[in-house]
Amino acid sequence: MRLATWNVNSLKARLPRVEEWLSTFRPDVLCMQETKCADDAFPLMTFQAMGYDGVHYGVGRWNGVAILSRVGIEHVVAGFGDGDTEDAEARLLWGTCAGVRIGTVYVPNGREVGHEQYQYKLRWLDRLRRKVASERPSSEPLIVCGDFNIAPDDRDVYDPAVYVGATHVSAPERAALQSMLDWGMVDVFRRFYDAGGLFSWWDYRAGNFHKGKGMRIDLILMTETLAERATSVLIDRNARKGKGPSDHAPVVVDIDVT
DNA sequence: ATGGTCGCGCAGCGA
C-alpha cells in the first residue's frame, strides 16, 4: 500500500497540483488537510475520474480534511465520534482502506504558547490520544497521519534557536505527541532517516523554501505491525517548487501489506 | 530594494 499525507492549503486553489501529483505518484490512499472547502464543494467527481473514491469533512473557509482511496473506503467517521460534544472545527476524519484503519488529522496551530488556541491544541491532542487508543489495539494496523503542527525534535526545525519559546516545539506539545508514540505509534519517517534538515513545511514568506528554512510537522504515525512492513518513506519536496505550491510537501510511505 | 507570501473573500485575519 502506498499512502500519502498532504496539507494542500485550499483544495480549490491546489486542485491542478493535486491532480498532477496523484497522476505521478498514484498512491492507494491520499489524506489531505486544510482543504478549506465545504462538503458540497469537494470536487469528488474530479477524483472519481482518476479512479479514486473520496470522503471529505469540512465546513468551508478554514480547516477541512479528506481521504482519497482507490482501494475502497469504509466505516467513515467525521470528527472524534467519541460521544463527547463534537469539535466545532473539521480537523479529523476516519476511514478504513483495504482493511487498514486510517485517520487524517489537522492539529490546531496553537498560535502562540499560552494562548487560548494553544490550550485548545493541547486539549485536542489529548483527546486524539484517547481516540487513537480506543480505535484499535496497538497490536493492530492503524495509521494516523497529517499536519500535526509539532516538530518532534530539534532535528525537525532548521534552527532550534529561532524557535525557543515558540509553538510547534514546546515541551507540552512534544510530550503530547510522545504519549501517542508511547502507546504504540511509530513516526515512520524516522525509521528511514536520522538526519536533520528534512522538512515538510516552509513558510511562504521571505523565500524560506529556497533558504532551507522549514520544519517537519507533517507526520505519518502507524502501529508497529505496519511500521515493520514499511519499505520506503519520502517527503516530495519537488511538490513545494514551481508555480502555486502548497506551503507543505506530501509525505509518502510504501507498506508491504501482502 | 531596505521588504520580500498565501488564501479567503473583499478587510483584515490566520497560518
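Here is the naming used below: chain letters follow the sequence lines, and residue numbers restart at 1 for every chain.
Here the shortest heavy-atom pairing between Asp39(A) and Gly58(A) reads OD1-N, 2.9 Å.
Note on Asp154(A) versus Arg174(A): salt bridge recorded, some NZ/NE/NH1/NH2 to OD/OE distance being below 4.0 Å. Ion pairing between Asp156(A) and Arg190(A) holds under the 4.0 Å rule for side-chain N and carboxylate O.
Separating the CG atom of Leu15(A) from the C1' atom of dG7(B) is a distance of 15 Å, rounded to the nearest angstrom. To the nearest angstrom, P of dA15(B) lies 22 Å from NZ of Lys213(A). Here the P atom of nucleotide dA15(B) and the NZ atom of Lys121(A) are 10 Å apart, to the nearest Å. Put simply, CZ on Phe148(A) is 18 Å from C1' on dA15(B), counting in whole angstrom units. As a whole-Å value, the separation of Phe209(A) CZ from dG4(B) C1' is 17 Å. For the pair Tyr204(A) OH and dC8(B) P, the interatomic distance rounds to 10 Å; values are reported in whole Å. Regarding Asp203(A), its CG atom lies at a distance of 11 Å from the C1' atom of dG4(B), rounded to whole Å. Rounded to whole Å, the distance from CG on Asn208(A) to P on dA15(B) is 18 Å.
For the P atoms, the distance linking dC6(B) with dA11(B) amounts to 22 Å, nearest Å. dT5(B) and dC10(B) have their P atoms separated by 23 Å, with the value rounded to a whole Å. For the C1' atom pair drawn from dC13(B) and dG9(B), the interatomic distance equals 11 Å after rounding to whole Å.
Proximity of Tyr163(A) to His168(A): side-chain heavy atoms (C-beta onward) are nowhere separated by under 4.5 Å. Looking only at side-chain heavy atoms (C-beta outward), Met50(A) and Leu68(A) stay at 4.5 Å or farther from each other.
Which of dG7(B), dG4(B), dA15(B) sits closest to the side chain of Arg111(A) comes down to dA15(B). Each of dC8(B), dT5(B), dC6(B) was ranked by its minimum atom distance to the side chain of Arg14(A); first place goes to dC6(B). Relative to the side chain of Asn109(A), the nucleotides dA15(B), dG4(B), dC6(B) differ in distance, and dA15(B) lies closest. When the nucleotides dA15(B), dC6(B), dC8(B) are ranked by their closest atom to the side chain of Arg205(A), dA15(B) comes out on top.
Each of Thr35(A) and Asp147(A) was matched to the nucleotide of DNA chain B holding its nearest heavy atom; the match closer to the 5' end belongs to Thr35(A). Comparing Trp201(A) and Gly207(A) against DNA chain B, the residue whose closest nucleotide sits nearer the 5' end is Gly207(A).
At the phosphate of dC8(B), OP1 or OP2 sits under 4.0 Å from a side-chain N or O atom of Ser10(A). Taking 4.0 angstrom as the limit, Arg61(A) places none of its side-chain polar atoms (N or O) nearer than this to OP1 or OP2 of dG7(B).
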